[in-house]
Participant: 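Can you read through this structure? Questions will come right after.
Just so you know, ligand 1 is whichever comes first in the structure, and atom 1 is the first atom listed for that ligand.
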Amino acid sequence: MGKIKRIGVLTSGGDAPGMNAAIRGVTRTALYYGMKVTGIRYGYHGMIHNDLVEMKANSVSNILARGGTILKTARSKEFMEAEGRKLAYENLKAAEIDAVVVIGGDGSLTGARVFCDEYYDIPFVGIPGTIDNDIYGTDYTIGYDTALNTVVEAVDKIRDTAGSHNRLFFIEVMGRDAGFIALSSGIACGAEAILIPEVHGQVSNLKEYLQKDFKRNKSSNIVIVAEGNESGGAFAIAESVKDDFTDFDVRVSVLGHIQRGGTPSAHDRVVAGKLGFAAVEALMDDQKSVMVGYHNNEIDQVPFRKVIKLKKKVDPDHLQMVEILSI
Ligand code: F6P
């Protein structure tokens, strides 16, 4: 056995379907290799407040199909302060935790990086977990595929009623300041337009687009709006369109937190299991301050430094494709 005797594992930030499969992957891999595992509940909050639980092989039984996270999660303001991180470090030391696996998004991995810059002797490895898929260095984040399928199912249903009434629907999806969920769900559902945070001035184009006669002859129009879009969300856009195009029967639907829940898809479970396994192997190989990610079907390690500094890009060319496909 290597020098790591006990691994801590936590989920942090917004929960995402598939996080449980990652917890299971980390726990069982570490136990298999003779290490002990401590679950840190409520993310960094639990690290600061000593909310720890011993993880055995059966602690992670029957959780693959469950959404959410059995370890709970939180966004910790205290961990952003040096004093909070010091307390967290002292607690890790007292609990004899030699290494930590953090499952979470951008903010959670940023926290891990800051911590590792201050305290060198407890290595952290990250696993990308967020429905937003907005993390540099990985093609997939855990939860994205499930959220996407939830959106697609909801939009398909809305399309049925939109088509029956000849309505124009604005459907708002999550993603914070990134447009990955909007873009992919829009393609999957044949949206007539997609508004994303990464592209500016889209609302005026949208009006132009709605003016085209042939669009008005469609039995339904679906516009997917990413919540971080500059124009202020689906309700604001719907209001402005209502005034300019009184002949459209406009409705709005904000999908909200249903996008974060539900049974994880097979894809999310596979990605999560493999990344959980890879995270423990990375620690055994003396890696630290890296995220394990998925790149071209291979598992890769990306330094936190890059993950945090670089921004994953959407491909705006897809927007033109969406327009062409929706004529
Ligand atoms: O990051 C995941 C996410 O669901 C975003 O898409 C969304 O903007 C945010 O979290 C919502 O956060 P909260 O859990 O605070 O409502």
Participant: Taking only heavy atoms of I131 into account, list the atoms of ligand 1 that are under 4.0 Å away from them.
Facilitator: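 Taking each heavy atom of I131 in turn, ligand 1 has 4 (O) under 4.0 Å.
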Participant: Using the ring of F180 (Phe, Tyr or Trp, six-membered ring only), decide whether K312 places NZ or CZ under 6.0 Å from its centre and within 45 degrees of its axis.
Facilitator: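 Judged by the rule (NZ or CZ under 6.0 Å from the ring centre, within 45° of its axis), K312 counts as positioned above F180.
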Participant: Just by distance, no angles: are the side chains of Y144 and S184 close enough, under 3.5 Å, to form a donor-acceptor pair?
Facilitator: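 Yes, side-chain donor-acceptor contact under 3.5 Å.
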Participant: Taking the inter-plane angle between the rings of H267 and Y140 on a 0 to 90° scale, is it parallel (under 30°), tilted (30 to 60°) or perpendicular (over 60°)?
Facilitator: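 Ring orientation of H267 relative to Y140: perpendicular.
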Participant: Would you mind checking which non-hydrogen protein atom is closest to atom 9 (C) of ligand 1, with the distance to 0.1 Å?
Facilitator: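 That would be R176 NH2, 3.6 Å.
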Participant: Determine whether any heavy atom of G175 lies closer than 4.0 Å to an atom of ligand 1.
Facilitator: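 Heavy atoms of G175 do come under 4.0 Å of ligand 1.
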Participant: Scan side-chain atoms only and decide if S219 and N166 contain a donor-acceptor pair under the 3.5 Å cut-off.
Facilitator: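 Judged by distance alone, the side chains do not pair up.
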Participant: Report the nearest protein non-hydrogen atom to atom 1 (O) of ligand 1: residue, atom name, distance rounded to 0.1 Å.
Facilitator: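 Result: D132 OD2, 2.7 Å.
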Participant: In terms of the angle between their ring planes, are F245 and F248 parallel, tilted or perpendicular, with boundaries placed at 30° and 60°?
Facilitator: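 Perpendicular: the ring planes of F245 and F248 meet at over 60°.
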Participant: Within the 4.0 Å heavy-atom shell around E227, which atoms of ligand 1 are there?
Facilitator: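 Here the atoms of ligand 1 in question are 5 (C), 6 (O), 7 (C), 8 (O).
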Participant: Considering R260, H257, R75, Q259 one by one, which has a heavy atom nearer to atom 16 (O) of ligand 1 than any of the others?
Facilitator: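 The option holding the nearest heavy atom is H257.
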